[in-house]
Protein chains: 2
Amino acid sequence: MAPGEEGIQRELSRGTMELAVLALIDARKRYGYDLLTSLGSASNGSIAIKEGTLYPALHRMEDAGYITASWEAEGRAAPRKYYSITDGGKARLEALRTEWRRLASGMERLLNGGAES
Amino acid sequence: MAPGEEGIQRELSRGTMELAVLALIDARKRYGYDLLTSLGSASNGSIAIKEGTLYPALHRMEDAGYITASWEAEGRAAPRKYYSITDGGKARLEALRTEWRRLASGMERLLNGGAES
DNA sequence: ACCTAGTACCTTGTCTCACAAGGTACTAGG
DNA sequence: CCTAGTACCTTGTGAGACAAGGTACTAGGT
């Protein structure tokens, strides 16, 4: 990446992580590593989260009561920590989704020169 | 605001500020206080920036060479500090705009259950 | 038997930044 | 004269994104 522009992806996707994660977990329970790879592909590569960002974020959301965790073992592999959405998480998801759509339409309006007032 | 939800607006609009500001300054030169009020109305209230956030951000963008400042006095009022976009700023704006559209379409896909893969 | 790559979880330290809260100075209106 | 509005700014605090590291297991290659 060209110097001085490394931050584009980073800055823009800030704040969208919680919404994206909740949306994915809402569809079905997920484990951390799954989210890590799913986020990239499901969002067309536009949301790329690093491990050191995701795991603490999941713990924060768990503390906030938006998701719950449970260890589950399949076969002989090491158990995975699955996260499921709670009722509080569903409410949070709805609020974030609404706020996102408002922001997206607002930004689009602004980018199309809606600044004349 | 309900406790535990104060952060919605704050987190989502993170990273969108630079794009919004550049887009507004691209249309015509602006001064800080103008941006402060214009951002809210031009974006349907979805992008609300505080003074303590905007002024340092403008200085950062100036240091990065995206905008230039000049004091201009009209009448007897105190002079205003007008910001204009530079060539570097136009390039940055284009990059951010493209990245934003990619993020927006990626998020929309994800919110519409595009997570099945 | 060894080594590497992949899966899967985690933490610590650093640095950036959004905001609250304060400050300055001028103008206009009551 | 006092308040509200315009217009610029700073410092301090706290949150959080990421780099870099760690642990532990499995599977495949040589």
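Throughout, a chain's letter reflects where its sequence line sits, starting with A, and its residues are numbered from 1.
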Can you tell me if the side-chain N/O atoms of B:His59 get under 4.0 Å from OP1 or OP2 in D:dC8? no
Base partner of C:dG29, which must satisfy Watson-Crick or wobble distances under 3.5 Å: D:dC2
What integer distance in Å separates B:Leu54:CG from C:dC17:P? 14 Å
Figure out the CD/P separation between B:Glu51 and C:dC17, and round it to whole Å. 20 Å
For a quick test of reading the model: is some side-chain N or O of B:Tyr31 closer than 4.0 Å to OP1 or OP2 of D:dA7? yes
Name the nucleic acid region contacted by B:Gly32, choosing base, sugar-phosphate or nothing; use a 4.0 angstrom heavy-atom cut-off, strictly under. sugar-phosphate
For a quick test of reading the model: is some side-chain N or O of B:Lys50 closer than 4.0 Å to OP1 or OP2 of C:dA21? no
For C:dT24, which nucleotide in any strand shown is its Watson-Crick or wobble partner with both distances under 3.5 Å? D:dA7
Does NZ or CZ of B:Lys81 fall inside the cone over B:Tyr31's six-membered ring, less than 6.0 Å from its centre and within 45° of the axis? no
Please report, rounded to the nearest Å, how far the C1' atom of D:dT6 is from the CG atom of B:Leu36. 11 Å
Grab the CE-C1' distance between A:Met17 and D:dC18 for me, whole Å please. 11 Å
Nearest-nucleotide wise, let me know which of A:Ala78 and A:Pro56 is further upstream toward the 5' end of DNA chain D. A:Pro56
Roughly how many Å is it from OH in A:Tyr33 to C1' in D:dT26, rounded to a whole number? 13 Å
Whole angstroms only, please: what is the CG-C1' distance between A:Leu58 and C:dT11? 15 Å
Establish, with yes or no, whether the OP1 or OP2 oxygen of C:dC10 is under 4.0 angstrom from a side-chain nitrogen or oxygen of A:Tyr55. no
Is the distance from OP1 or OP2 of D:dA17 to the nearest side-chain N or O of A:Arg60 less than 4.0 Å? yes
Evaluate the salt bridge (charged side-chain N to carboxylate O under 4.0 Å, His left out) criterion for residues A:Arg60 and A:Glu18: first the C-alpha distance (whole Å), next the side-chain angles of each, then the deciding distance (0.1 Å), finally the verdict. CA-CA 10 Å; A:Arg60 259 180 275 134; A:Glu18 188 182 349; over 6 Å; no
Matching residue for B:Arg80 among B:Glu72, B:Glu74, B:Arg30 - test: side chain to side chain contact (heavy atoms under 4.5 Å, CB included): B:Glu74
D:dA24 P sits how many Å from A:Lys81 NZ, rounded? 17 Å
